[in-house]
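Below: one structure, written as structure tokens.
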Amino acid sequence: MGQHPLFLLLSAVAYVAHGGYTTNSVCRKNACTNPLFPGFDDMPKLAQIEWQCSSLNTVGPYLNFCRDAVVYDSSLPSPNQSTSYNVNELVRDQDNAAATMYFYHLNALGFEAWDYESPGKSQDSCIRHVYMMACYTYFPKAHHDCSHGEINPYMRPCAGTCHSYLEACGVECCDESTQCSYDPDNAYVTGPSALCTGFSSSASGRGAPMALLLALMGIHLAGGRGSSGSGSAGASRAAPSSRSKTPWAPSLAKWALAGVLASFAISLQGCEVGVKKHDQGQWREEAHYLVANAYVPPGADVSQAVLNSCNQPSVPEELQCSGKGYCKAWNKGSLAFCTCDRDWAGPECRTPRRSQVVAFVASLLGGVFGADYFYLGFPLWGIGKLLTLGGCGMWWLYDVVRIGSGPVYAHDYRLAADLPKFAFIAVVAFLFIVGGFLGGLYGYLAARKKKRDDMAQLLEAEEKRPASEMKK
């Protein structure tokens with residue numbers, strides 16, 4: 001007896017799912033960074049460290065950056081026997097490591113990290129999830145029955161936290177590599193929250209397409225059982241001749257339905273038959289932001305690169321922040337990061353900002369055609385603005401005021417605040433004065449023309465009146 005077509009369909013879907021990554025050619029990448037998650041590359045190293053259970057009462061008083069995220073009994077690295085580390089120093093080191101990964105990851109996403117110095121109170125869901133992932137990575141949960149000081153294995157962050165981050169930040173790498181499980185050394189834990197750090201549930205809905213497929217299969221199987229059960233027995237006995245004439249009809253119908261479901265499965269999972277696949281996720285092809293933003297001492301080899309020039313005592317002040325900024329204490333703690341000059345951005349102030357003056361002029365003169373959005377790095381919004389001619393002028397006027405009133409976010413970082421306030425106010429005031437004058441002039445001319453037309457119609461009507469009516 002042959003295999004059921006639905007079984008063959010499941011096998012085909014499984015083959016597609018494990019045969020590599022496919023590229024979505026109509027997709028636009030968003031928040032696709034390398035590494036994809038904050039602290040992702042450190043997890044294998046952290047898993048090799050010996051950890052000791054601690055309590056929130058012990059750790060909590062020394063927390064700074066992670067104080068709003070670590071609300072559970074956590075573990076701390078076991079201090080080296082040759083060194084005398086106290087709890088304060090252990091907590092500080094882990095807290096600084098989490099803050100560093102948070103700061104660099106926000107920069108990789110194009111955010112201004114200094115705008116979110118207290119992420120636990122942020123209204124932005126993406127910011128909060130980056131914060132939680134960083135703190136959960138460096139402050140693993142202690143096992144529920146672990147005593148203070150007892151050795152505890154490293155408890156990785158939960159996959160639910162990872163999925164929530166992907167959803168909150170809208171991560172899209174245009175292939176199937178945006179997932180939370182890779183090889184055993186780089187996997188977030190799927191399972192109950194007692195076995196991982198964070199929360200295990202997820203409302204990401206990334207399994208919805210497969211759930212829909214399985215639901216359709218279940219309906220099909222249920223219908224097949226129903227048609228062969230007692231409910232259809234009478235009908236089958238009443239028309240034996242018609243059943244025997246087309247014994248291939250049920251099988252053909254099942255194959256047809258299997259083909260339709262296979263099409264759904266392929267389209268919903270973003271796969272195409274015959275499409276070239278790649279073994280490495282597209283996010284891994286992006287520049288590694290920790291490497292790209294490392295500080296390399298002058299004349300030194302790349303192997304001597306260090307992270308965060310502000311926390312290296314050996315780095316002269318004039319070389320910190322690439323000489324385009326200065327170091328500032330983060331969250332009033334011992335950790336410091338670069339605060340860049342007006343025209344620069346990034347962890348080491350190496351990325352030139354886009355100009356607010358250019359964006360404002362582009363919005364003022366070409367905003368109805370979407371020129372401002374194209375300059376800011378949002379081509380889809382630019383096309384929308386072009387097709388609507390600046391929303392019939394309303395969208396154009398809104399963006400002129402929005403871009404001129406302050407340095408808005410471009411695709412990466414904010415604009416450089418190089419537009420003087422008085423210039424913006426003068427231009428907008430002149431724009432409204434000219435607009436008001438032209439509007440008033442148009443209204444006056446329109447009213448004058450209407451009055452003339454009315455007088456002309458009245459004279460024309462008088463001329464057409466018969467002489468007899470005029471004598472009366």
Side-chain angles (χ1 to χ4, degrees), residues 29 31-50 65 77 79-80 82-83 85 89-90 92-114 130 133-134 137-138 154 173 177 182-183 185-186 278-330 333-341 343-353 412-413:
K29 289 184 179 180
C32 186
T33 61
N34 181 15
L36 194 60
F37 309 104
F40 182 75
D41 289 349
D42 280 347
M43 283 203 301
K45 304 172 188 175
L46 295 172
Q48 301 300 320
I49 297 176
E50 187 177 77
F65 174 71
N80 194 323
S82 60
T83 58
Y85 265 68
E89 293 172 325
L90 292 173
R92 181 201 61 199
D93 290 348
Q94 295 304 107
D95 198 72
N96 287 350
T100 300
M101 290 301 106
Y102 166 84
F103 186 90
Y104 277 76
H105 197 79
L106 281 197
N107 275 275
L109 293 176
F111 286 101
E112 300 284 346
W114 282 104
V130 173
M133 289 203 71
T137 300
Y138 293 94
Y154 177 69
C173 293
S177 65
Y182 296 90
D183 55 86
D185 291 334
N186 293 78
H278 51 277
D279 296 329
Q280 181 170 273
Q282 292 200 22
W283 66 266
R284 293 186 183 273
E285 298 176 1
E286 301 289 328
H288 197 296
Y289 63 75
L290 295 178
V291 176
N293 292 298
Y295 168 77
V296 180
D301 188 71
V302 180
S303 60
Q304 300 178 6
V306 293
L307 207 59
N308 191 6
S309 60
C310 288
N311 266 30
Q312 305 299 326
S314 60
V315 178
E317 186 175 344
E318 61 272 14
L319 296 181
Q320 292 176 338
C321 308
S322 305
K324 303 180 182 72
Y326 62 93
C327 296
K328 179 182 175 182
W330 172 264
S334 60
L335 188 64
F337 292 113
C338 289
T339 298
C340 302
D341 295 340
D343 298 329
W344 298 90
E348 290 293 334
C349 305
R350 295 176 187 154
T351 305
R353 296 182 186 270
D412 51 350
Y413 304 112

Open item on the list: Under the criterion side-chain contact (heavy atoms from CB on, under 4.5 Å), I'd like the reasoning laid out for Met43 against Phe37: C-alpha separation, chi angles, the key distance, then a yes or no.
Closed with: CA-CA 11 Å; Met43 283 203 301; Phe37 309 104; over 6 Å; no
Open item on the list: For a side-chain contact (heavy atoms from CB on, under 4.5 Å) check, start with the C-alpha distance between Ser334 and Asn96, then their side-chain angles and the critical distance, and finish with the verdict.
Closed with: CA-CA 8 Å; Ser334 60; Asn96 287 350; 3.5 Å; yes
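The structure places CG of Asn311 at 4.5 Å from CG of Leu335, a figure rounded to the nearest 0.5 Å. Taken to the nearest 0.5 Å, the NE2 atom of His288 stands 9.5 Å off from the OG1 atom of Thr33. Atom OG1 in Thr137 sits 11.0 Å away from atom CG in Asp41 (nearest 0.5 Å). Rounded to the nearest 0.5 angstrom, Asp42 CG and Leu290 CG are separated by 8.0 Å.
For the residue pair Cys349 and Trp344, the shortest heavy atom distance occurs at O-CE3, 3.7 Å. Heavy atoms only, all atoms of each residue included: His105 and Pro35 are closest at CE1-O, 3.7 Å. The two residues Leu36 and Cys173 have their closest heavy-atom pair at CD1-SG, 4.0 Å. Contact detail for Pro38 and Ala134: the closest heavy-atom pair is CG-N, 4.2 Å.
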Please list every donor-acceptor pair under 3.5 Å in which a side-chain atom of residues 312-320 meets a protein atom from a residue at least two apart or in another chain.
from	atom 1	to	atom 2	distance (Å)
Gln312	NE2	Leu307	O	3.4

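Looking at Lys29 and Gln282, their side chains come closer than 4.5 Å, going by heavy atoms from C-beta outward. In this structure, Ile49 and Tyr154 have side chains that are not in contact, with every pair of non-hydrogen atoms separated by 4.5 Å or more. Put simply, the side chain of Tyr138 reaches to within 4.5 Å of the side chain of Met101, judged on heavy atoms.
Checking side-chain atoms of Glu348 against main-chain N and O of Tyr295 turns up no donor-acceptor pair under 3.5 Å. For the pair Asp343 (side chain) and Arg353 (backbone), a donor-acceptor distance under 3.5 Å is absent. A donor-acceptor pair under 3.5 Å is formed between the side chain of Arg350 and the backbone N or O of Ala292.
By the ring pair (Phe, Tyr, Trp, His ring centres under 6.0 Å) test, Phe337 pairs with Phe103, Trp330, sequence neighbours left out.
In this structure, Cys310 and Cys338 have their SG atoms no less than 2.5 Å from one another.
Asn107 pairs in a side chain to side chain contact (heavy atoms under 4.5 Å, CB included) with only one of the listed residues (Tyr289, Tyr413, Tyr102), which is Tyr413.
For the 3.5 Å distance criterion, the side chains of Asn308 and Tyr104 fail to qualify, holding no donor opposite an acceptor.
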